[in-house]
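Okay, structure first, notes after.
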Amino acid sequence: MSSVRDEGKDRIIFVTKEDHATPSSAELVEEDPNDPYEERGLILPNGEINWNCPCLGGMASGPCGTEFKDAFSCFHYSKEEVKGSDCLEQFRAMQECMQRYPELYPQEDEKEKQETSPETDSVTAETSTPDQTSAPVQDSNPTTPPAPDEPTLPPTETSVES
Amino acid sequence: MLTCKTVWRKLAPLARASSTVCRQNVGRAGLNNVRRPAGSPVAHMSTGPAGGGGDNRLYVLLVGAACLGGGVYAYQTVKGDKQRYQERLSEIASRPNKAAAEQPDTFIQLEAPAVPSTETQEAQISETPVSASAKESSPPAPADEVSAPSETTEPPPAAEPVVEAPTEEPAEQPAVPVVEDEPSPPSDPSPPELTEPPPAPVVESVESESTAAAESPAAETPAPQAEVVAESETPAAGTAPSPAKIPSHAPYLLIGGGTASFAAARSIRARDPGARVLIVTEESDLPYMRPPLSKELWFSDDPSVTDTLRFKQWNGKERSIYFQPPSFYISPEDLNSIENGGVAVLTGKKVMHMDVRGNKVQLEDSTEISYDKCLIATGGVPRNLQVIERAGEEVMKKTTLFRKIDDFKALDKVSRNLKSITIIGGGFLGSELACALGRRSADSGLEVIQMFPEKGNMGKVLPEYLSNWTTEKVKREGVKILSEALVKNVTHKDDKVEIQLKDGRVVKTDHIVAAVGLEPNVDLAKSAGLEVDSDFGGYRVNAELQARSNIWVAGDAACFYDIRLGRRRVEHHDHAVVSGRLAGENMTGASKPYWHQSMFWSDLGPDVGYEAIGIVDSSLPTVGVFAKATAKDTPKAATEKSGTGIRSESETEAVATSPVATSPAASPTPAPPAQQQKEDYGKGVIFYLRDKVVVGIILWNVFNRMPIARKIIKDGEEHADLNEVAKLFNIHDD
């Protein structure tokens, strides 16, 4: 059972797991999805991409920022059946740019292999890196192309990462 | 004035005495009463009124001599002052000329186009190495180059704004050697230059002479090209120390190269495509993050950590404290020419003066940089104790004010070589350093002492019971704690530093680390006409972090209006990130107020850590809800689970790389002994209340729940039962 103690102006409560088993009766104010002040996730309420999302890390702001934005925008708005298949040029340009800065955008061996392969599979594999399927690639380096293609994301903690 | 008074007091009796003599011959004592100055005691002369004409004459003589002496002295002082004034004026007047030329054969013509703005010279001087090196590669035709001297001013690289040099009208020429052979049309012909001997080496010097005549004598020596360049550079370097080519205009100018500045740069680049951002910092390092300097870097196993500045996070991932490697940034000289813009960092330059009306700043070396939008993110300077400052050179040499990378390197060295270190200050920095050094003491036998005026560590942040508990924790890390310690005096004795406390205790130590707060850097307030806050310090800005039309302030130096919590100034890492980002957004037209509440965290060793948000002041009433901590509730486990090393990143990472979060820590967690204590504040939530509204929350050994805490603060509601609110955190779960 919970115990309560007061030490001057400070109150101390000890609770067991059972004490907290019942749902909370505390009321939280409902969130306004269109609150202009709120931090947004990757995709803004109007459908646009939030380039300032912390989840992107330095992708949109670095030396290859422009190429990245072009490629990702193209992908985002792509209406093709294989999403992004009409964006090969942009992704290639982005890839080229990133290769010029290996320190910033470490290239994974498997990605390079995919790159050199002439099959369209490799291209779709590249365009699909934004999906969550290639998780291992993303894990090791937060600056590789981001995962989310989901429309909504919980408010993210801000950070400045490399 | 005082001397006048004393002199008058001394003379007064004399004067009165002599006047009495006169009056005796004329009037009565009544006059005396009238003359006596009110309030001052009547000084009766022991000699009585003058006894005769001889004495009278003596008095007159004395008074006369005094007046004469005074007059002579005054005259001399005024004369001297006038002279000094003239000297000063002439010195100031000569300064702009110094930069231009120290040579007798300099012509005013040369100076005229250059003098209007010294930065033109900067630009030109910067041309020299470019042209010189280019010259070396291409064999110039001497004949052509004779005409080249007609260029008094080098065309800056393409797209470099020529705002400051109206006489320069460069054709937009790339900085290619061949181009320089062509005479640029509107240059002022300078006879002296035409007299320069034509051989190739001299051409460079000629061109460099066009930039600064100081170089011309060096140029005349028929030295090999490289040497000439070097020589021509060095006198320039003395007066215009910028082989780093400083752009004369930056659309976005960020003063200060820390966390807030970097966050703003990133934000600007994300929102304004192709933005050109210039960061000017007086430090010599590129932007880096500070928290690891007092935490992770100390726990690194790598012996070369002071050089690499890389730290291994608990999950094994390594990263540098620098936000980005050098290749991320572009060079300042390319800022205005590079196609898609970028972020350039100008290191080792201090902004001394800000001209808000003219939208420009002036550096230490008088270079001017104009801007469209400016951010001031100058952070602060560690405070020192007055007793230490008064204690003299010897003590100051053995004192560290910890803030920068160099301080970390110095302290690391000290901790390896010395026997005893004392930390003064019981706040975040002091406690973290104490724990870090205390850890080290286990291996090396280093004595670590921490002293502070409060009753326990983090006394101003944590409620008393928790502060006491924390102090015990810190003690267990190997630190000798002296609480309720007020430093009275510090002296240097027998090659040791002796600290005397007000209660009589004496501490003898080898080195002091003073962690007693941060003084926000508001040096530019005066010249820029910016308001400084008297309560919190720092530049006063509004809720959108704006100080004046084109000026924003972020980070430690900003005293801003928080819509929810009121006016405040926050000195935490995440705040620097949040405010920097916000400032960057607002600089690109967003007009958003400070709304996303920043958080902060601290670790006291690997076993206890907390995250906090809002106003966390121990003077507020608190309500703490606790459960027992298990082995899983440690900072180590938290970061392993989320796959990140820096706490504030964990939420972000969870979003971007969710698969990682699900995999439990692969590496075995060495189970710390269960915290068996009579009062076990293992994990829990502490609410800080102001007028019954929660304004601050500490998550004690409970991680990855910051969004809930943020929401509660944002709501600003009065909750009847905080235990119910605490339920939202699921503190018993992992």
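In what follows, every heavy atom counts, from backbone to side chain, and hydrogens, waters and symmetry copies are set aside. Numbers restart at 1 for each chain; the letters A, B, ... are given by sequence-line order, proteins then strands.
Side-chain contact check for A:W51 versus B:R271: every heavy-atom pair is 4.5 Å or farther apart. Put simply, the side chain of B:Y465 reaches to within 4.5 Å of the side chain of A:I12, judged on heavy atoms. At least one side-chain heavy atom of A:V15 sits less than 4.5 Å from a side-chain heavy atom of B:I731. Using a 4.5 Å heavy-atom threshold, the side chains of B:D733 and A:K17 count as touching.
Atom NZ of B:K455 has 12 or fewer neighbouring heavy atoms from other residues, nucleotides or ligands inside a 6.0 Å radius. When the shell of 6.0 Å around CD of B:E718 is examined, it contains more than 12 heavy atoms from other residues, nucleotides or ligands. Counting non-hydrogen atoms of other residues, nucleotides and ligands closer than 6.0 Å to CZ of B:R290 gives a total above 12.
Using modelled atom types, one finds no donor on one side chain facing an acceptor on the other under 3.5 Å when comparing A:S25 with B:K727.
Of the possible polar contacts, one joining the B:R581 side chain to the A:N52 backbone as a donor-acceptor pair under 3.5 Å is found. Proximity of a side-chain donor or acceptor of B:E724 to a complementary backbone N or O of A:A26 within less than 3.5 Å is not detected. A donor-acceptor contact shorter than 3.5 Å links the side chain of B:R269 to the backbone of A:S61.
A salt bridge links A:E31 with B:K714; the closest basic N to acidic carboxylate O contact falls under 4.0 Å.
The side chain to side chain contact (heavy atoms under 4.5 Å, CB included) test applied to B:I330 returns B:L335, B:I338, B:A344, not counting sequence neighbours.
Below 30°, between 30° and 60°, or above 60°: for B:H732 and A:H20 the angle between ring planes is above 60°, a perpendicular geometry.
Chain B forms the most heavy-atom pairs under 4.5 Å with one residue out of A:E7, A:K69, A:E27, A:E67, and that residue is A:K69. When the candidates A:D6, A:N50, A:D35, A:T66 are compared by the number of heavy-atom contacts under 4.5 Å with chain B, A:T66 comes out ahead. The greatest number of non-hydrogen atom pairs below 4.5 Å with chain A, out of B:I686, B:L620, B:I268, B:I712, is found for B:L620. Interface summary for chain A: among B:A265, B:A270, B:P463, B:P273, the most heavy-atom pairs under 4.5 angstrom belong to B:A270. Among the candidates B:V625, B:D721, B:L689, the residue making the largest number of heavy-atom pairs closer than 4.5 Å to chain A is B:V625.
Within the 4.5 angstrom heavy-atom criterion, no atom of B:A576 approaches chain A. Proximity to chain B (any heavy atom under 4.5 Å) is shown, for A:P102, by neither the backbone nor the side chain. In this structure, the portion of B:E585 lying under 4.5 Å from any heavy atom of chain A is its side chain and not its backbone. Using a 4.5 Å cut-off between heavy atoms, A:R100 makes no contact with chain B at all.
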List the steps, then state whether side-chain contact (heavy atoms from CB on, under 4.5 Å) holds for B:L722 with A:I13. CA-CA 10 Å; B:L722 285 167; A:I13 306 172; 6.0 Å; no
Go through it in stages, so that I can follow the logic: the residues are A:V29 and B:K711, the test is side-chain contact (heavy atoms from CB on, under 4.5 Å), and I'd like the CA-CA distance, side-chain angles, deciding distance and then a yes or no. CA-CA 9 Å; A:V29 171; B:K711 171 81 179 128; 4.0 Å; yes
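Taking the six-membered ring for Trp and the full ring otherwise, A:Y37 and B:Y594 have centroids separated by 6.0 Å or more.
Rounded to the nearest 0.5 angstrom, B:L466 CG and A:D10 CG are separated by 9.5 Å.
In this structure, A:P63 and B:S327 approach most closely via the heavy-atom pair CG-O, 4.0 Å. B:S618 and A:K9 get closest at one heavy-atom pair: O-NZ, 2.6 Å. Summarising the geometry of A:G62 relative to B:F328, their closest heavy-atom pair is CA-CE1, 3.2 Å, with the distance given to 0.1 Å.
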